[in-house]
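Just below is one structure, and these are the notes that go with it.
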Amino acid sequence: MIIEDFIPKANTNRPGNPIRPSHITVHETANTDVGANAQMHANYLKSEEAQEREVSWHYTVDDSKTYQHLLEDEIGWHAGSEGNKKSIGVELCVNNDGDFFKTRNRGIKLIRLLMRKWDIPLSRVVPHYYWTGKDCPAQLLNEWSIFKDQIADRSEGPSIVDKPMLEVITEELWVYDEPDWQSKYEVVQEGEIFTIVSELTVNGSTMYQLKSGLYITGNRDFVKRIS
Ligand SMILES: [Zn+2]
């Protein structure tokens, strides 16, 4: 459910200029304080401080709630002049008392909704970094292509963001010609051995499923053949 809690029209950080959004810009709030959830940011955006700092955006998502602060087709101040004119700004909360994986999942659902509503292709879902070079969204930038793949994966069932992404650490290298994913390959991850049960390629990046809800990314060269 989206809670509408708009910035008052009289506030200077809601200038009201109409836009036709062609992009979605993803941010993280960078505020890890306990309590820095979506409601707190909704209050912040209505404050004097937000007006002085000249900031505003459209949505803030935390692990249980989503707040809307601006209409989707009016300008916000979150991504530099070009990004502001072209995009809907979505902030994901990173408060220490929140569950970022839930927040991330909820953010993905909102982004899918906005993509459908405004006919925005996945290629135009961009990080704040894209517009201004700012290190934002700081955590998701490290795995941006995975995040995009997760937005694209509309299949129901176990979500691939239920668990943190892990890296393949085995050094054992097997070269093979005909990959057969029927229980023939395994990876060692933090001492635990997983058998790869399937692979999934979305927009050119490949992920390997270790079990329900747990995927890895990585080069096949690091996959060990066990049969
Ligand atoms: Zn940002």
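Residue indices begin at 1 and follow the sequence shown. Values below: all heavy atoms of this structure, side chains included; hydrogens, waters and symmetry mates excluded. Please read all numbers here as calculations on a predicted model, not as lab measurements.
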Could you check H58, H128, H23 and say which one makes a ring-ring contact (aromatic ring centres under 6.0 Å, His included) with H78? H58
From CA spacing to verdict: side chain to side chain contact (heavy atoms under 4.5 Å, CB included), L140, E28: CA-CA 8 Å; L140 289 182; E28 286 167 23; 3.5 Å; yes
Looking only at heavy atoms, what is the nearest atom pair of A30 and V94, with distance? N-CG2, 3.5 Å
Go through the steps for Q150 and R104 under the test side-chain hydrogen bond (donor to acceptor under 3.5 Å, both in side chains), then give the verdict. CA-CA 10 Å; Q150 290 164 350; R104 180 179 162 148; 2.6 Å; yes
Ignoring hydrogens and angles, tell me if any N or O in the side chain of N84 forms a donor-acceptor pair with the backbone of A79 under 3.5 Å. yes
Sub-4.5 Å side-chain heavy-atom contact between C136 and L141: no
Please round to the nearest 0.5 Å and tell me the distance separating atom OG of S56 and atom CD of E91. 10.5 Å
Any idea which heavy atoms bring A42 and D5 closest together, and the distance? CB-OD2, 3.5 Å
Working to the nearest 0.5 Å, report the span between CZ of R124 and OG of S87. 12.0 Å
CG on D33 to CE on M40, rounded to 0.5 Å: 7.5 Å
Under a single-linkage definition using a 4.5 Å side-chain heavy-atom cutoff for Ile, Leu, Val, Met, Phe, Trp and Tyr, are V125 and L113 assigned to the same hydrophobic cluster? yes
Can you spot which of L92, N95, N105 makes a side chain to side chain contact (heavy atoms under 4.5 Å, CB included) with F100? L92
Donor-acceptor contacts, no H, no angles, side chain residues 11-19, under 3.5 Å, sequence neighbours left out:
residue	atom	partner	partner atom	Å
N11	ND2	K46	O	3.4
T12	OG1	Q51	OE1	3.3
N13	ND2	L45	O	3.0
N13	ND2	V55	O	2.9
R14	NE	E74	OE1	3.1
R14	NE	E74	OE2	3.0
R14	NH1	I7	O	2.9
R14	NH2	E74	OE2	2.6

Verdict with reasoning, I2 to Y59, per side chain to side chain contact (heavy atoms under 4.5 Å, CB included): CA-CA 9 Å; I2 292 169; Y59 287 99; 3.9 Å; yes
Taking all non-hydrogen atoms of both residues, which atom of C93 and which atom of T60 are closest, and how far apart? SG-CG2, 3.5 Å
Identify the residue among T29, V90, I108, I111 that makes a side chain to side chain contact (heavy atoms under 4.5 Å, CB included) with V61. V90
Is there a donor-acceptor contact under 3.5 Å from the side chain of K148 to the main chain of L122? yes
Please assess L114 against I120 for the test side chain to side chain contact (heavy atoms under 4.5 Å, CB included), listing each intermediate value before the final yes or no. CA-CA 8 Å; L114 295 171; I120 295 171; 5.6 Å; no
Please say yes or no: joined through hydrophobic side-chain contacts below 4.5 Å, possibly via intermediate residues, are I88 and I75 part of one cluster? no
Hey, does the side chain of T103 reach the backbone of D63 with a donor-acceptor pair shorter than 3.5 angstrom? yes
For the atom pair CD1 (I151) and CZ (R112), what is the distance rounded to the nearest 0.5 Å? 8.0 Å
A138 backbone acceptor or donor facing D135 side chain under 3.5 Å: no
Could you state the interatomic distance from CD1 (I24) to CE (M115), rounded to the nearest 0.5 Å? 6.5 Å
Atom pair CH2/CD of W118 and E72 - distance to nearest 0.5 Å: 6.0 Å
Determine whether H41 and N31 satisfy the following criterion, side chain to side chain contact (heavy atoms under 4.5 Å, CB included), listing intermediate values before the conclusion. CA-CA 10 Å; H41 283 89; N31 186 345; 4.2 Å; yes
Please state whether the rings of Y67 and H69 are parallel, tilted or perpendicular, taking 30° and 60° as the class boundaries. parallel
Find out whether P137 and F147 are in side-chain contact, i.e. whether some heavy atom of one side chain is under 4.5 Å from a heavy atom of the other. no
Are more than 12 heavy atoms from other residues, nucleotides or ligands located less than 6.0 Å from atom CG of N142? yes
